[in-house]
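Below is one structure; the comments refer to it alone.
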Amino acid sequence: MSFFGKIKLKIISSSNSFKFYKENYEKLNEEIHKKETLIQVLKRENENLFKENENLNKINSNLTRVNESYSSIKDDIDNLNRNVSNNFNNLNNNNRELVKKIEYNHLNMSNDLKELISTGSSIKEDLNNKLE
């Protein structure tokens, strides 16, 4: 470097404006570095949040399938309960009809028995009368 170049550099480096710009340049570079570091941290955090969101979506899908299965099972149970209730009602109706038929048959048989006893008594009386 030439003599004048050295003097020029010495003057520039000793001037207040050079120091001011140099300090601001260093501060600016420091801020840029901090922001780049922050950007990297935010990118990693965003990636982690994205992965967490994917996991939550998988869990949500699984829960949706479980809920659909539960709903299907619940519908099946409701149908079975209705069928059991209907069958129970039918059984009760059939039992009522059977009791009525048994009571009717019992009444008829009772009447038949009374008639038979009456007829038997008449025959016995007729026989006793004929034997006398």
Side-chain angles (χ1 to χ4, degrees):
M1 183 176 267
S2 71
F3 174 72
F4 288 112
K6 288 180 184 179
I7 291 178
K8 185 178 175 184
L9 185 61
K10 201 169 200 173
I11 291 171
I12 291 174
S13 63
S14 63
S15 74
N16 285 336
S17 62
F18 177 78
K19 287 180 185 176
F20 173 78
Y21 286 115
K22 184 179 178 189
E23 286 174 6
N24 282 338
Y25 177 78
E26 288 172 358
K27 287 179 185 178
L28 184 61
N29 274 340
E30 192 176 307
E31 285 295 317
I32 288 171
H33 177 71
K34 285 179 184 177
K35 293 196 188 275
E36 285 174 347
T37 304
L38 179 62
I39 287 171
Q40 293 303 319
V41 167
L42 291 173
K43 279 183 180 179
R44 281 193 299 272
E45 189 175 325
N46 190 41
E47 288 171 3
N48 290 338
L49 288 173
F50 183 76
K51 287 177 185 175
E52 186 177 338
N53 190 41
E54 283 181 332
N55 286 336
L56 290 174
N57 282 338
K58 287 178 187 175
I59 290 170
N60 190 36
S61 293
N62 289 338
L63 288 175
T64 299
R65 279 193 295 269
V66 166
N67 190 34
E68 288 169 355
S69 295
Y70 171 78
S71 292
S72 175
I73 290 169
K74 185 183 177 305
D75 289 345
D76 290 346
I77 289 172
D78 288 345
N79 286 335
L80 286 171
N81 281 335
R82 273 192 297 280
N83 287 340
V84 166
S85 179
N86 288 340
N87 288 341
F88 183 73
N89 288 336
N90 289 340
L91 183 63
N92 279 339
N93 289 337
N94 290 343
N95 282 343
R96 276 190 224 101
E97 287 179 27
L98 187 58
V99 165
K100 286 178 185 176
K101 284 179 184 177
I102 289 171
E103 287 173 349
Y104 177 78
N105 287 340
H106 181 267
L107 182 63
N108 284 339
M109 289 171 72
S110 180
N111 288 338
D112 289 347
L113 183 61
K114 285 177 187 174
E115 228 178 272
L116 196 59
I117 290 171
S118 174
T119 304
S121 293
S122 294
I123 292 173
K124 184 178 174 186
E125 208 175 287
D126 287 345
L127 281 174
N128 283 338
N129 286 337
K130 285 184 182 181
L131 288 176
E132 288 177 4

- Query: In chain order, what residues pass the side-chain hydrogen bond (donor to acceptor under 3.5 Å, both in side chains) check against Arg44, with sequence neighbours excluded?
  - Reply: none
- Item | side-chain hydrogen bond (donor to acceptor under 3.5 Å, both in side chains) partners of Asn87, counting only residues at least two apart | none
[atom1]-[atom2] distance between [X] and [Y], expressed to the nearest 0.5 angstrom:
| X | Y | atom1 | atom2 | answer |
| --- | --- | --- | --- | --- |
| Thr119 | Leu113 | OG1 | CG | 10.5 Å |
| Glu26 | Glu23 | CD | CD | 7.5 Å |
| Ile77 | Asn81 | CD1 | CG | 7.5 Å |
| Asn94 | Asn89 | CG | CG | 11.0 Å |
| Glu115 | Ser122 | CD | OG | 10.5 Å |
| Asp112 | Ser118 | CG | OG | 12.5 Å |

For residues 49-58, which side-chain N or O atoms pair as donor and acceptor with protein atoms under 3.5 Å away, sequence neighbours left out?
| unit_1 | atom_1 | unit_2 | atom_2 | d |
| --- | --- | --- | --- | --- |
| Asn57 | ND2 | Asn53 | O | 3.4 |

- Which residues satisfy the side chain to side chain contact (heavy atoms under 4.5 Å, CB included) test with Thr64, sequence neighbours excluded? Asn60, Glu68
Considering only distance and modelled atom types, tabulate donor-acceptor pairs under 3.5 Å from the side chains of residues 27-34, sequence neighbours left out.
| unit_1 | atom_1 | unit_2 | atom_2 | d |
| --- | --- | --- | --- | --- |
| Asn29 | ND2 | Tyr25 | OH | 3.4 |

- Kindly write out the residues that satisfy salt bridge (Lys or Arg N to Asp or Glu O under 4.0 Å) with Asp78, not counting sequence neighbours, or none if the list is empty. Lys74
